[in-house]
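Every heavy atom of this structure was used, including side-chain atoms; hydrogens, water molecules and symmetry mates were not. Every value quoted in this text rests on a predicted model; they were computed, and no experiment measured them.
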Amino acid sequence: MGRDTDTGADTVDGGGEDAGAPGRPPALARATAELRAGTGPTAATARRAVRVTLAACAGFYVFLYVLDRPVSATYALFAAVSLAALSRIPGTGRQRAAQIVRVLPVACVLVTIGTFLAVRTWTAVAGMLVIGFCLAFASAGGPRPAGAAPGLQLLYILPCFPPYLPGALGERLAGAVAGIVLLVLAEAYVLPDPRLPTYRDRAADAATTAARCAAALREPPYALPAPLAELARTTGEALRPSHVPEGERPAGPGVHERALAHTGLAARTLLARLKDLPGPLAGARPGPTGLALIRSAERAARATAALLSDGPPADDAGSAARGLLHDRAESARLLPSAPGDRRRQAALLEVADAALVLGTAADLAVRGRAALPEGDPGRFWYAGKSTLRLWWVRLSGHAGPRSVHFQNAVRISLALAAARTVAGLDSLPHGFWAMLAVLSLTRTTAVQTRATVRAALTGTCLGALAAGGVLALAGEASLPYAIALPPLMLVAFFVGPVRGVGWAQALFTLVVAVAFAQLAPTTWQLAEYRFLDVLVGSVIGLACGLLAWPRGAHDEVGRAVARLLRAAAAEVTTATRAVTPGLLPPADGGHPAGGAGPYGDDPDVQHTLVLAESAYAQYQGETQRPAGPGPDWQSALMAGHHVLWGARRVLAAADGSPPDPRADARVRAYGAWVAEGFGLAAARFDVPKGARTRAAPGPDAVAVAGGPQASDATLDAPPVFFTAVAWLDSLTADLSRMAAAHAVETPLPAAGHPGTARSGTPSRGRGGLVG
């Protein structure tokens, strides 16, 4: 399943006596409090600054002053800086160290290829196009590959700095490996970061809370008390990616990462279904079959919590799963006499299904392919596939111009290739810095790139002036530079991330000037060259940002969500028709619309959901936003998940029971009504940014009367009817949330489409969803 990419990071507010000191900026007070407490982003930045300074200076000084290897010293310095300062690998120091160890062979390959291709400009440009695209496109694999990509780009760019000497490859590799190894040791053992709750810990807490909820539902009044219902809500919200540190989000393409993300989604679903479980009929006590099903769900949730917390207790988890399967089958076989009880039974089967999925996904997250499930190949389609195959599925799913990862990779590779072409001209000294400027200053939108470049050029100019003065005063004496480099690096790598790109460029200009002054005799003109190269790189970055998708995800997210909602509409229609006589699901449980694709049973919805989530994640980080209220993108993405989950449950619930014309007609009408609602919502989300109106849907969009009705809870119908209606009710709630966000905007024209409500949801006669 595609990763939920809602982004966001919580910060720790400063407190204490300094927080309210008069005349002190709140940001400074907060940073001071974080440094004193050793927590928060400011303290983490300080620890990282210490680590990269130690690793870079240790390798640089040993190679330069002890071994007299200036080439190796250069590569040791920039290898550590590239993977610690330029890269943004999320997580704690030990997590970053593990990721750096994994990319060490890639770094060596890039230095080798760059060394041989840099001899000729055309080969270097061609290599920059291909390698630049591949490294940038690897961001589709998750936040850790995305974070390491800029540093790896720099290690390929570094051999483009003259002289172009393939014979020096050994010294270059020795320096790069030493710098990276020193960085790994520093990240792992110097000033260790405090341990944060992992996503697995959060999922274990959610499973424990689900077990408590299930236990409460077995006792009168057979409903959750308000405090426990609120705990279920907050525990489920804690699993949202926006509430999880980026380093802890399970976003990778591997089996363990996908299964852990699936575990979180299943836990949130189980908690929501337990919280909203319908009570028994007034004055009635739940039947023993339903109580046994809740008891089995409670036992399965406790076994899952133990599995996630302490390791795999195979006997307990397996026994709980077998008991839940048995009780679910028994509950599905015994048909309650009262229609209201059948509605509750359908909800109980949904609870059991969520508990089973939670246990299976958690087992896969802990034990990997050793826990390969025997059934349900669509829902757990990733379980039996190799890591290479899963990477291929992830990358091939984004291999197209509708993916923001593809767009970003094209933009940065073109900019780097253009900078490498200019750097190949003899008239541009130190052209390596132009490519570094492109790499560090180009953003996903032209507006952000322009703002970044403005601040960067200002900072670089001031830094160049300061560096020119230092070089002129110190002259060719190396001792002052050797003394000044460590404290200067420490300040640069701490202040830069805290104060912004202008400060970062100013201080980094000083750092490179002081470092290069120790490698060879230099003059104040080095600072002039630095500013010229940054200016050239900035112009190239701006030009490519204007030519290649200048608005970034600002436009793409609307198109991606619209495609998702149209695919969801088709899926709703297909599923509701499949469970009514005349078109039953295949005997093997596959999708009636066709065989399983690379994303499982619902390839269209799944693929569009992946693209929409990645576009929304990038949109969250872009400052270019429309004025006033905007669409509720998150509700649309969650609706896509609900369509996937519910369609599979509805199809699985179809047992070939005798036809019930009234119930079948009701399910089809309700499904067509919901599908129409998704189609209208797609038209809303696809409105071009800046436009206030959009043409109404075409004449083939016929209004359907078939929304939620009070009689759905009392209709004498088979269990599959209540399963389908419960799913459609949840989708109706999703449509209401999306419509409420659009209600403040100009409505779609209703001419020629009498079934269209003001809010963009289908009308249902008297009392639409949203007025």
Search all heavy atoms of [X] against all heavy atoms of [Y] and return the closest pair with its distance.
X	Y	result
Pro194	Thr92	O-CG2, 4.1 Å
Val438	Ala415	CG1-CB, 3.4 Å
Leu471	Ala517	CD2-CB, 3.8 Å
Phe63	Ser72	CD2-CB, 3.4 Å
Ala148	Val103	CB-CG1, 4.4 Å
Ala418	Ile540	CB-CG2, 3.8 Å

Below 4.5 Å, heavy atoms only, C-beta onward: do [X] and [Y] meet side chain to side chain?
X	Y	result
Thr74	Leu519	yes
Arg450	Arg443	no
Thr53	Phe493	yes
Phe133	Ile412	no
Pro145	Trp391	yes
Phe60	Leu485	yes
Cys544	Thr442	no
Val111	Leu158	no

Among Phe516, Phe531, Phe508, which residue satisfies the ring-ring contact (aromatic ring centres under 6.0 Å, His included) criterion with Trp433?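 Result: among Phe516, Phe531, Phe508, Phe516 is the only option passing the ring-ring contact (aromatic ring centres under 6.0 Å, His included) with Trp433.
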Pairs under 3.5 angstrom only: tabulate donor-acceptor contacts from the side chains of residues 76-86 to other protein residues two or more places apart or in another chain.
| unit_1 | atom_1 | unit_2 | atom_2 | d |
| --- | --- | --- | --- | --- |
| Ser82 | OG | Phe78 | O | 3.0 |
| Ser82 | OG | Ala79 | O | 2.8 |

Value rounded to 0.5 Å, distance of [atom1] in [X] from [atom2] in [Y]:
X	Y	atom1	atom2	value
Ser87	Gln99	OG	CD	9.5 Å
Ile131	Leu155	CD1	CG	11.5 Å
Leu535	Thr460	CG	OG1	9.5 Å
Leu546	Arg551	CG	CZ	12.5 Å
Ser614	Arg394	OG	CZ	9.5 Å
Leu416	Met128	CG	CE	4.5 Å

Gln153 and Met435: CA distance, side-chain angles, deciding distance, side chain to side chain contact (heavy atoms under 4.5 Å, CB included) verdict: CA-CA 10 Å; Gln153 297 269 24; Met435 287 179 284; over 6 Å; no
**Request:** Could you please spell out the steps behind the side chain to side chain contact (heavy atoms under 4.5 Å, CB included) verdict for Cys108 and Val177?
**Result:** CA-CA 7 Å; Cys108 294; Val177 171; 3.6 Å; yes
Donor-acceptor pair, [X] side chain versus [Y] backbone, under 3.5 Å?
X	Y	answer
Ser413	Val410	yes
Arg249	Val244	yes
Thr123	Leu117	yes
Arg51	Leu191	yes
Tyr616	Leu611	no

- Do the rings of His398 and His405 sit parallel, tilted or perpendicular, given the 30° and 60° boundaries? perpendicular
Before giving the answer on side chain to side chain contact (heavy atoms under 4.5 Å, CB included), spell out for Val404 and Thr444 the whole-Å C-alpha distance, their side-chain angles and the decisive distance to 0.1 Å. CA-CA 9 Å; Val404 292; Thr444 57; over 6 Å; no
Compute whether any side-chain donor of one residue and acceptor of the other, for [X] and [Y], lie under 3.5 angstrom apart.
X	Y	value
Tyr65	Gln518	yes
Arg172	Thr115	yes
Glu556	Gln618	no

Query - Qualifying salt bridge (charged side-chain N to carboxylate O under 4.0 Å, His left out) pairs, either residue in residues 96-112, two or more places apart - result: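 Applying salt bridge (charged side-chain N to carboxylate O under 4.0 Å, His left out) to every pair that reaches into residues 96-112, excluding sequence neighbours, yields Arg96-Glu187, Arg96-Asp193.
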Could you go through residues 495-506 and list every donor-acceptor pair under 3.5 Å that involves a side-chain atom there, pairing it with any protein atom two or more places apart or in another chain?
| unit_1 | atom_1 | unit_2 | atom_2 | d |
| --- | --- | --- | --- | --- |
| Gln505 | OE1 | Arg530 | NH2 | 3.1 |

Given side chain to side chain contact (heavy atoms under 4.5 Å, CB included), test Ile157 with Leu436 step by step and report yes or no. CA-CA 8 Å; Ile157 292 170; Leu436 181 56; 5.9 Å; no
Checklist line | Partner of Thr449 by side chain to side chain contact (heavy atoms under 4.5 Å, CB included), out of Thr452, Val447, Val453, Thr445 | finding: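 The passing option is Val453.
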